[in-house]
Amino acid sequence: MTTAAAIVRDVRRRANLTQEQLADRLDVSVRMVQLWECGDYEPRADQVRTLAHLAGAAGVSIGRDGWELLFPDAAGPPTRGSLEGGAST
């Protein structure tokens with residue numbers, strides 16, 4: 001699994017958004033985005049869903065060990081994977 005900080009940072013970069021643009025989309029301050037990316041805080045569930053949507057993921061699995069984005073697979077149900085490591089089942 002991947003940390004929330006890594007996913008926020010990777011989603012923002014892949015969506016080609018600045019911290020300010022992401023903050024606007026999620027209705028938070030730029031400072032909050034910075035705190036997420038540093039790992040000091042984590043987004044709320046509704047913000048996590050928006051992040052997943054920005055990444056093109058079907059959803060997010062949140063567990064004790066971190067986060068995993070769930071990407072749709074044309075051949076079946078969503079597969080687990082991270083933005084950094086690619087899809088895995």
Side-chain angles (χ1 to χ4, degrees):
M1 288 199 165
T2 305
T3 66
I7 286 190
V8 170
R9 187 173 39 252
D10 288 346
V11 165
R12 181 179 60 78
R13 289 178 178 163
R14 286 178 183 266
N16 200 27
L17 298 172
T18 64
Q19 288 180 335
E20 184 175 343
Q21 290 167 325
L22 181 61
D24 287 344
R25 288 204 183 183
L26 296 172
D27 196 29
V28 297
S29 68
V30 173
R31 181 65 181 143
M32 184 56 68
V33 172
Q34 293 167 342
L35 291 169
W36 291 342
E37 290 188 2
C38 290
D40 292 337
Y41 289 93
E42 291 189 3
R44 296 184 321 251
D46 61 316
Q47 295 161 333
V48 170
R49 285 189 295 274
T50 301
L51 287 167
H53 176 74
L54 287 172
V60 179
S61 172
I62 303 173
R64 279 188 305 150
D65 298 329
W67 294 14
E68 282 186 291
L69 294 178
L70 305 174
F71 290 97
D73 180 9
T79 57
R80 294 181 180 271
S82 73
L83 289 175
E84 296 174 349
S88 62
T89 52

Check: Got a sec, which residues hit side chain to side chain donor-acceptor pair (under 3.5 Å) with Arg49, two or more places apart in sequence or on another chain?
Finding: none
Next item on the list: For Ala5 and Cys38, work out which heavy atoms get closest and say how close.
Entry: CB-C, 4.3 Å
Margin query: Please enumerate all residues that pass side-chain contact (heavy atoms from CB on, under 4.5 Å) together with Arg13, with sequence neighbours excluded.
Written below: Arg9
Item checked: Which residues share a side-chain contact (heavy atoms from CB on, under 4.5 Å) with Asn16, sequence neighbours left out -> none
Notebook entry, point to check: Can you list every salt bridge (Lys or Arg N to Asp or Glu O under 4.0 Å) pair that touches residues 19-29, not counting sequence neighbours?
Noted result: none
Next item on the list: Sequence neighbours left out, what passes side chain to side chain donor-acceptor pair (under 3.5 Å) with Asp40? Give chain and number order.
Entry: none
Next item on the list: Determine the sole option in Ile7, Val11, Asp10 for which the side-chain contact (heavy atoms from CB on, under 4.5 Å) test with Leu51 is passed.
Entry: Val11
Check: Does the pair Val8 and Leu22 meet the rule for a side chain to side chain contact (heavy atoms under 4.5 Å, CB included), with working shown?
Finding: CA-CA 10 Å; Val8 170; Leu22 181 61; 4.2 Å; yes
Checklist line | Those residues that, when tested against Gln47, pass side-chain contact (heavy atoms from CB on, under 4.5 Å) (two or more places apart) | finding: Leu26, Val28, Trp36, Pro43, Arg44
Note to self: For a quick test of reading the model, state the closest non-hydrogen atom pair linking Ala58 to Pro72 and the distance between them.
What the structure shows: N-CD, 3.8 Å
Next item on the list: Quick one: list whatever passes side chain to side chain donor-acceptor pair (under 3.5 Å) with Glu37, sequence neighbours left out.
Entry: Arg12, Gln19
